[in-house]
Each structure stands twice: as structure tokens, then as C-alpha cells.
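Scope of the values below: all heavy atoms of this structure, side chains included, with no hydrogens, waters or symmetry mates.
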Amino acid sequence: MTITIEKRDLFTVPQGYYLAHCVSADFALGAGIAKKFDEVYNMRFKLFREYDNYEYDGGDSLPIDNVFNLVTKNRCFQKPTYDSLREALECMRGEMEILSITKLAMPRIASGLDRLEWTKVYDIICEV
């Protein structure tokens, strides 16, 4: 696995990449990068359509189109934990292996509005 860090607009990565970002189980998508995913992909509508009766039970990954929605908390006003983030990343990794996905782009997940420490988040990403 190769990890490359770039500063660029996430939505301009080349075709063939999957994207990942963090969401809450209430699918609020009202702030930060989640809001942009909703604007670009109509993601809130798609999440409610595909996962209407979704119940949060720890970190999870909900794929829609070429996007992995990493569920790391129950409600939008809560903060994720490092454990819930790890669980979501592990779910995503399993889905990527099943689907033979080898290209993934993501922002500095869980470290903006969610306020987890980026160096710890990066270490978890590398481990998973």
C-alpha cells in the first residue's frame, strides 16, 4: 500500500478513485466536507434511500456510488472516538478488498469539525 499526501480539491481526483469521508448515523451532512459531498452527490437523499432503517452500532462504512460514507458517530453534534473511526475504516477496507478497489482519496478525516488529532488518525489509517 502506498499513501500519498496531497493538498488539492478532493473532488478533482482522477476517474477511478473512490472517495471517503465521515458522517453521522442521522445523515445530517450539514457542515464541513460532508455538506460538500451532499451538494456534489446528493448524498443525504441517497443515504436515506439506501439505508432508510439504518441503526448505528459502532463504526461502519456505507458505500454509495464511488463514495464510502464512514459512520463514526450516532448524531451530528456528537464527536467520534478513535475506536469508532478504526471500526469504520476496517469496514471500508473489507469492502475495498471484496470489490478489488485499489485507489482511494479522502480528506483529513475526523480531524476537522470532529476534532480528533490528525497524527493519531493518520496512524490509524496506516495501521488499517
Legend entry - Parallel, tilted or perpendicular, as decided by the 30° and 60° cut-offs, for the rings of F37 and H21: parallel

Inset, instruction - Kindly write out the residues that satisfy ring-ring contact (aromatic ring centres under 6.0 Å, His included) with Y51, not counting sequence neighbours, or none if the list is empty. - result: none

Legend entry - Other cluster members, F45 - Ile/Leu/Val/Met/Phe/Trp/Tyr, side-chain contacts below 4.5 Å: none

Inset, instruction - Enumerate the residue pairs fulfilling ring-ring contact (aromatic ring centres under 6.0 Å, His included) with a member in residues 104-128, sequence neighbours excluded, ordered by first and then second residue. - result: W118-Y122

Inset, instruction - Please list all pairs passing the salt bridge (Lys or Arg N to Asp or Glu O under 4.0 Å) test where one or both residues lie in residues 10-22, with sequence neighbours left out. - result: none

Legend entry - Heavy-atom check, side chain of I33 versus side chain of C22, under 4.5 Å: no

Inset, instruction - Considering non-hydrogen atoms only, spot the tightest contact between L62 and Y54 and give its length. - result: CD2-CE1, 3.8 Å

Inset, instruction - Would you please name every residue forming a side chain to side chain donor-acceptor pair (under 3.5 Å) with Y18, sequence neighbours left out? - result: none

Inset, instruction - Check ring-ring contact (aromatic ring centres under 6.0 Å, His included) between Y56 and all other residues, then give those that pass, not counting sequence neighbours. - result: none

Legend entry - Pairwise side-chain contact, I109 with P107, heavy-atom cut-off 4.5 Å (strictly under): yes

Legend entry - Side chains of L10 and Y17 in contact at under 4.5 Å (non-hydrogen atoms): no

Inset, instruction - Compare all side-chain heavy atoms of V71 with those of S24 and state whether any distance is below 4.5 angstrom. - result: no

Legend entry - Rounded distance [0.5 Å steps], CZ in F27 versus CG in N69: 8.0 Å

Inset, instruction - Determine, using the 4.5 Å side-chain heavy-atom cutoff (strictly less than), whether L89 and I3 are members of one ILVMFWY cluster. - result: yes

Inset, instruction - Flag yes if M92 and L116 sit in one hydrophobic cluster, no otherwise; membership is Ile, Leu, Val, Met, Phe, Trp, Tyr, and two members link when side-chain heavy atoms are under 4.5 Å apart. - result: yes

Legend entry - Value rounded to 0.5 Å, distance of CZ in R44 from CG in L29: 7.5 Å

Legend entry - Pairwise salt bridge (Lys or Arg N to Asp or Glu O under 4.0 Å) hits with a residue in residues 48-77, at least two apart: D26-R75, K46-D65, K73-D114

Legend entry - Remaining members of the apolar cluster that contains L113, side-chain heavy atoms under 4.5 Å: none

Legend entry - Nearest heavy-atom neighbours spanning C76 and A28: CB-CB, 3.6 Å

Legend entry - Common cluster, I5/F11, ILVMFWY with side-chain heavy-atom separation under 4.5 Å: no

Legend entry - Shared hydrophobic cluster for V121 and F68 (ILVMFWY, side-chain gaps under 4.5 Å): yes

Inset, instruction - Can you tell me which residue pairs pass the side chain to side chain donor-acceptor pair (under 3.5 Å) test with a partner in residues 82-93, sequence neighbours excluded? - result: T81-S84, R86-E127

Legend entry - Minimum heavy-atom distance between T72 and A88, given as atom pair plus value: CG2-CB, 4.1 Å

Inset, instruction - Under the side chain to side chain donor-acceptor pair (under 3.5 Å) rule, collect the residues that match up with T4, sequence neighbours excluded. - result: none

Legend entry - In one Ile/Leu/Val/Met/Phe/Trp/Tyr side-chain cluster, 4.5 Å: L19, L70: no

Legend entry - Residue pairs, two or more places apart or on separate chains, that pass salt bridge (Lys or Arg N to Asp or Glu O under 4.0 Å) and touch residues 4-14: E6-R8

Less than 3.5 Å apart, which donor and acceptor atoms pair up between the side chains of residues 95-106 and the rest of the protein, not counting sequence neighbours?
| residue | atom | partner | partner atom | Å |
| --- | --- | --- | --- | --- |
| E95 | OE1 | S61 | OG | 2.9 |

